[in-house]
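See structure below.
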Amino acid sequence: MTETPTVPNKTTALPASTGTEAAARVADVLLLFTGGPEYLGVSTISRELGLSKAVVYRILQSLVSREVLATDPGVVGYRLGPAAVALGASALRRFDARTAAAPVLRRLRDETGETTTLSGLVGDERVYLEQFESRAEIKMTVDIGKRFPLHAGSSGKAMLANLPPWRRDAVLAGELAALTERTITDEAALRDELTTIAAEGVAVSLGERQAGAGSVAAPLIGPDGEVHGAISICGPEYRFTPEKIERYRRLVHDATEEIARNWAGPQAAEATR
């Protein structure tokens, strides 16, 4: 049984006069399902996005009618539907970077003894898509699928530094929350660091996203010339000495170039058929 507020108009159509705003609202609703509980109700979505229940209800009914969302008997709330699952599967098939990165990240883990990761860009945030865990007793692990801001941590900064200026400016104009006492929250200071990262092709974080964690990351540029993600070497901060950081900088830089070649290869071959 779904949570259904009383609304004056039962139509699922969204106002034509606010097409761009309506599309943004639909996207925002869908993105809530990527990082929260499996089921979300009208009241929760309304509260999270600051929208009226009537607007949220119309969006949900429209998405249900297209099987992007679904409901289950006896459960209050909505979940991702079969159309969303199909879209996700299609996106994963197209995100060949995961296939291209896996052997490189595994080798990088073995060479460094630290955990290696692949992150993907999702809107103005990032998510961990893959990790190869260190075999050390004390190590760092990440939450696959969890969303993180771009301004904190080496992977996020590596992506943010390589976004188009208008997208980077939009992120920097928003809230730069302090995830730890070392998170850079001053816009001017962060801009300076992003300029350096863009020039050097590598980002470093020591306790900026997670206290006690160190990481070195490089952006992953796709065949289209745009940044799609980042790879990182991460572990306990005390093991990230200046000498190791310098070594890891070279390793992640070379690794992203190898992944980019692997990624472009199958697409280039397909294009010639």
For the hydrophobic clusters of this structure (ILVMFWY residues joined by side-chain heavy atoms under 4.5 Å, transitively), does one cluster hold both Leu176 and Phe148? no
Do Val252 and Val202 come close enough that some side-chain heavy atom pair is under 4.5 Å? yes
Examine distances only and state if a side-chain atom of Asp186 and a backbone atom of Ala189 form a donor-acceptor pair shorter than 3.5 Å. yes
Start with the C-alpha distance between Met140 and Glu133, add both sets of side-chain angles, then the distance that settles side-chain contact (heavy atoms from CB on, under 4.5 Å), and finish with yes or no. CA-CA 8 Å; Met140 181 177 173; Glu133 292 186 18; over 6 Å; no
Over all heavy atoms of both residues, which pair between Ala260 and Ile221 is shortest? Give the atoms and the distance, please. CB-O, 4.0 Å
Nearest 0.5 Å, what's the OG-OH distance between Ser62 and Tyr57? 12.0 Å
For Gly207 and Thr180, the nearest pair of non-hydrogen atoms, with its separation, is O-OG1, 2.5 Å
To the nearest 0.5 Å, tell me how far Arg98 CZ sits from Leu105 CG. 11.0 Å
Verify, without hydrogens or angle tests, whether Glu208 (side chain) and Ala152 (backbone) share a donor-acceptor contact under 3.5 angstrom. no
Donor-acceptor pair, Ser155 side chain versus Ala230 backbone, under 3.5 Å? no
Show the nearest heavy-atom pair for residues Thr71 and Gly77, with the distance to one decimal. CG2-O, 3.8 Å
Check whether any side-chain heavy atom of Leu150 sits under 4.5 Å from a side-chain heavy atom of Leu163, and report yes or no. yes
Heavy-atom nearest pair, Ala218 first then Thr256, reads CB-CG2, 3.5 Å
Any side-chain heavy-atom pair of Glu111 and Leu251 under 4.5 Å: yes
Would you please test Leu60 and Ile45 for side-chain contact (heavy atoms from CB on, under 4.5 Å) and show each step? CA-CA 10 Å; Leu60 293 173; Ile45 296 172; 3.9 Å; yes
Mind checking whether Val127 and Ile259 sit in one hydrophobic cluster, side chains of I, L, V, M, F, W, Y counted as touching below 4.5 Å? yes
Which atom names give the shortest non-hydrogen contact between Arg126 and Gly156, and what distance separates them? NE-N, 3.4 Å
Following the transitive rule for hydrophobic clusters with a side-chain heavy-atom cut-off under 4.5 Å over Ile, Leu, Val, Met, Phe, Trp and Tyr, establish whether Leu51 and Leu32 coincide in one cluster. yes
Hey, could you give me the OG/CD distance between Ser119 and Gln131, rounded to the nearest 0.5 Å? 10.0 Å
For Pro103 and Thr99, the nearest pair of non-hydrogen atoms, with its separation, is CD-O, 3.4 Å
Trace of the side-chain contact (heavy atoms from CB on, under 4.5 Å) decision for Glu258 with Val104: CA-CA 8 Å; Glu258 181 179 354; Val104 180; 3.7 Å; yes
Side chains of Met159 and Pro219 in contact at under 4.5 Å (non-hydrogen atoms): no
Any donor-acceptor N or O pair under 3.5 Å, side chains Ser154, Ser232: no
Taking the side chain as everything from C-beta on, heavy atoms only, tell me whether Leu206 gets closer than 4.5 Å to Arg182. yes
Spacing of Thr183 atom OG1 and His151 atom NE2 [to the nearest 0.5 Å]: 5.5 Å
Leu118 side, atom CG; Leu220 side, atom CG - distance, nearest 0.5 Å: 6.5 Å
Under 4.0 Å between a Lys/Arg side-chain N and an Asp/Glu carboxylate O for Arg147 and Glu125? yes
Cation-pi, Tyr248 ring and Arg250 (6.0 angstrom, 45 degrees): no
With sequence neighbours left out, write down each residue that passes salt bridge (Lys or Arg N to Asp or Glu O under 4.0 Å) with Glu246, or none if nothing qualifies. none
Is any side-chain heavy atom of Leu160 closer than 4.5 Å to a side-chain heavy atom of Asp124? no
According to a 4.5 Å side-chain heavy-atom criterion applied to Ile, Leu, Val, Met, Phe, Trp and Tyr, with indirect links allowed, do Leu129 and Leu31 form part of one hydrophobic cluster? yes
Kindly say whether Val42 contributes a backbone atom to a donor-acceptor pair with the side chain of Ser46 at under 3.5 angstrom? no
Treating Thr116 as the side-chain partner and Ile233 as the backbone partner, does any N or O pair qualify as donor plus acceptor under 3.5 Å? no
Given side chain to side chain donor-acceptor pair (under 3.5 Å), test Ser43 with Arg47 step by step and report yes or no. CA-CA 6 Å; Ser43 296; Arg47 182 173 60 254; 5.9 Å; no
What residue among Arg135, Arg109, Lys139, Arg239 forms side chain to side chain donor-acceptor pair (under 3.5 Å) with Glu114? Arg239
Look at Glu21 together with Arg25 and state whether they make a salt bridge at an N to O cut-off of under 4.0 Å. yes
Between Arg191 and Asp169, does any side-chain N to carboxylate O distance fall below 4.0 Å? yes
Cluster question for you: counting only ILVMFWY and a side-chain heavy-atom cut-off of under 4.5 Å, with indirect links fine, are Ile59 and Leu49 together? yes
Return yes if some donor-acceptor pair links the side-chain N/O of Thr112 with the main-chain N/O of Leu108 below 3.5 Å, else return no. yes
Between Thr185 and Leu190, is there a side-chain heavy-atom distance shorter than 4.5 Å? no
Distance from Ser215 atom OG to Ile231 atom CD1, nearest 0.5 Å? 12.0 Å
Holding to side-chain hydrogen bond (donor to acceptor under 3.5 Å, both in side chains), I want the full list of residues that pass it with Asp254, two or more places apart in sequence or in another chain. none
Is the closest side-chain donor-acceptor distance between Ser205 and Lys157 under 3.5 Å? no
Between Leu30 and Val68, is any pair of side-chain heavy atoms under 4.5 Å apart? yes
Strictly by salt bridge (Lys or Arg N to Asp or Glu O under 4.0 Å), give each pair with a member in residues 225-234 just once, sequence neighbours left out. none
Kindly say whether the aromatic ring centers of Phe33 and Tyr78 come within a distance under 6.0 Å. no
